[in-house]
Amino acid sequence: MGRMQLKIVELFEDPAVRAANPKLAAYLFAGRAFMIGSGLAITGSLAATMAVAMAMKVNTLKEFSTKARELALQRFPALRGNYTSEDDNGTDEGSSQFLKELREEIAREEAEGAQEFPEGSVHSIIRDRVRFELGPFAKGGSS
């Protein structure tokens with residue numbers, strides 16, 4: 001009740017009121033700058049989106065993805081491959097051979113009892129994780 005009440009309109013219009021309340025004027029300036037910056041960012045992104053859509057002559061996201069894929073394959077023919085979704089399920093021969101050799105080496109070292117350092121809890125966690133990641137290539141499978 002003892003506080004001075006100030007109309008916002010006066011703060012925007014009267015420089016003397018702004019000078020009397022510099023902290024409030026600074027907040028208003030920051031808010032105005034944030035709103036202008038947000039508006040410019042939104043307008044710019046919409047303009048860029050519309051420009052790309054007009055240049056590519058597309059109206060939907062599906063059309064855009066199809067057209068972009070076609071353009072990429074035209075400009076970068078090396079992207080054409082014999083990739084199929086079945087490739088995700090297989091392993092290449094080099095990786096398979098490496099993992100088999102690694103499994104044999106680990107088995108040989110364990111059989112010889114060669115251990116360069118005493119195994120602590122951290123080492124057992126790492127060993128278990130490696131065995132889990134190697135799956136059927138690891139001795140005993142996943143832990």
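Side chains are part of it too, since the values below use all heavy atoms of this structure and drop only hydrogens, waters and symmetry mates.
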Worksheet entry | Residue pair Glu63, Asn59: steps toward the side chain to side chain contact (heavy atoms under 4.5 Å, CB included) verdict | CA-CA 7 Å; Glu63 289 176 3; Asn59 293 320; 3.8 Å; yes

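Linking ILVMFWY side-chain heavy atoms closer than 4.5 Å, directly or via other members, places Ile126 and Leu99 in a single hydrophobic cluster. Hydrophobic cluster membership differs between Ile36 and Phe29, with clusters built from Ile, Leu, Val, Met, Phe, Trp and Tyr side chains linked at under 4.5 angstrom.
Residues meeting the salt bridge (charged side-chain N to carboxylate O under 4.0 Å, His left out) test with Glu133, sequence neighbours left out: Arg129.
A distance of 9.5 Å separates CD in Glu70 from OG in Ser65, rounded to the nearest 0.5 Å. Between the CG atom in Leu71 and the CZ atom in Phe76 there is a gap of 10.5 Å [rounded to 0.5 Å]. Between the CG atom of Leu28 and the NZ atom of Lys23 there is a distance of 13.0 Å, given to the nearest 0.5 Å. Here CZ of Arg103 is found 14.5 Å from CZ of Phe98. Values are rounded to the nearest 0.5 Å.
With no hydrogens or angles considered, a side-chain donor-acceptor pair links Glu101 and Gln97 at under 3.5 Å.
Listed for the Ser38 side chain is no donor-acceptor partner under 3.5 Å among the backbone atoms of Met35. Side-chain N or O atoms of Thr43 include none that pairs as donor or acceptor with a backbone N or O of Leu40 at under 3.5 Å.
For Phe64 against Val52, the heavy-atom pair with the smallest separation is CE1-CG1, 4.0 Å.
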